[in-house]
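If you're wondering where the values come from, they're calculated on a predicted model, not measured in any experiment.
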Amino acid sequence: MQPKDIVAQFIDDIRAQRLDEAKALLVTEGFEYVGPNMRFLSPDDMLGYQFGMVAIQKDLVLRQLSADGEHVFAILDYQTHFEPIGDVRLAVWFRVRNNKIQTVEAFYNAAVVENMLGGNLPSAD
C-alpha cells in the first residue's frame, strides 16, 4: 500500500473505533505522536488516549488527504457530542516508513481540548 492509503485506512479505523486495526498500522519501535498539548512515544499510549475520547466522538470527517512521498497530510473535522466544543478542526502530518506510520504530528486549538479535559492532559513522562 502507498503511504496515503495506509493513512486513509488508519483514519477510517479511528473513525469506526477499530483501535486494534488502527494499532496494526503503527510501528512498534520508534513511534512518536506530538500534539500541541501532549506527546506519546508508544502507540498503546496514544490509542489509549484516543479510546478515552470515543465516548464524545460523533464523527471524524476527512476533508482533505494529500501525500508527498512518505509524508501524508490530513485535514479533519473531529465532531463531538460535547456541546461546549462541538467540532475540533485538525491538521495532521503523518510519516510512513516501511508500510507503517512512524510519526503523527497533530495541529489543533489546544485550549479547546484542555478545557474539555479540565486541564488533565496525558504526557509521555
Distance-minimising heavy-atom pair for Pro36 and Ala106:
CD-O, 3.2 Å
Whether over 12 other heavy atoms sit under 6.0 Å from Lys100 NZ:
yes
Under a single-linkage definition using a 4.5 Å side-chain heavy-atom cutoff for Ile, Leu, Val, Met, Phe, Trp and Tyr, are Phe10 and Met1 assigned to the same hydrophobic cluster?
yes
How about Asn109 and Val88: do any of their side-chain heavy atoms sit closer than 4.5 Å?
no
Is any side-chain heavy atom of Ile6 closer than 4.5 Å to one of Asn99?
yes
Between Tyr49 and Ile11, is there a shared hydrophobic cluster once you connect ILVMFWY residues whose side-chain heavy atoms come closer than 4.5 Å?
yes
Would you give the length of the straight line joining atom CZ of Arg39 to atom CD of Glu105, rounded to the nearest 0.5 angstrom?
10.5 Å
Is any side-chain heavy atom of Val104 less than 4.5 Å from a side-chain heavy atom of Val92?
yes
Intermediate values then yes/no, side-chain hydrogen bond (donor to acceptor under 3.5 Å, both in side chains), Asn37 and Tyr108
CA-CA 9 Å; Asn37 53 6; Tyr108 54 88; 2.9 Å; yes
By salt bridge (Lys or Arg N to Asp or Glu O under 4.0 Å), which residues pair with Glu70, not counting sequence neighbours?
Arg95, Arg97
What's the spacing between Ser66 OG and Ile75 CD1 if we round to 0.5 Å?
7.5 Å
Can you tell me how far the CE atom of Met46 sits from the OH atom of Tyr33, to the nearest 0.5 Å?
8.0 Å
Parallel, tilted or perpendicular: rings of Phe73 and Trp93 (30°, 60°)
parallel
Gln9 side chain to Asp5 side chain, donor-acceptor N/O pair below 3.5 angstrom
no
From Leu60 CG over to Asp12 CG, what is the distance, rounded to the nearest 0.5 angstrom?
9.5 Å
Closest contact, heavy atoms only, Glu32 versus Leu41:
CG-CD2, 4.0 Å
Within one Ile-Leu-Val-Met-Phe-Trp-Tyr cluster: Phe107 and Phe94, side-chain cutoff 4.5 Å:
no
Under 4.0 Å between a Lys/Arg side-chain N and an Asp/Glu carboxylate O for Lys58 and Asp87?
no
Would you mind reporting whether Asp13 and Leu19 have side-chain heavy atoms less than 4.5 Å apart?
no
Rounded distance (nearest 0.5 Å) linking atom CD of Gln79 with atom CG of Asp59
5.0 Å
Give, for atom CZ of Phe31 and atom CG of Asp44, the distance between the pair rounded to the nearest 0.5 Å.
10.0 Å
Set out, in order, the CA-CA distance, both residues' side-chain angles and the distance that settles side chain to side chain contact (heavy atoms under 4.5 Å, CB included) for Lys4 and Leu65, then state yes or no.
CA-CA 7 Å; Lys4 186 175 177 180; Leu65 189 65; 3.8 Å; yes
With a sphere of 6.0 Å drawn around CD of Gln2, does it hold more than 12 non-hydrogen atoms of other residues, nucleotides or ligands?
no
Can you tell me if CZ on Arg89 sees more than 12 non-hydrogen neighbours from other groups inside 6.0 Å?
no
Determine, using the 4.5 Å side-chain heavy-atom cutoff (strictly less than), whether Leu47 and Leu90 are members of one ILVMFWY cluster.
yes
Transitively linked via ILVMFWY side-chain contacts under 4.5 Å: Val72 with Val34?
no
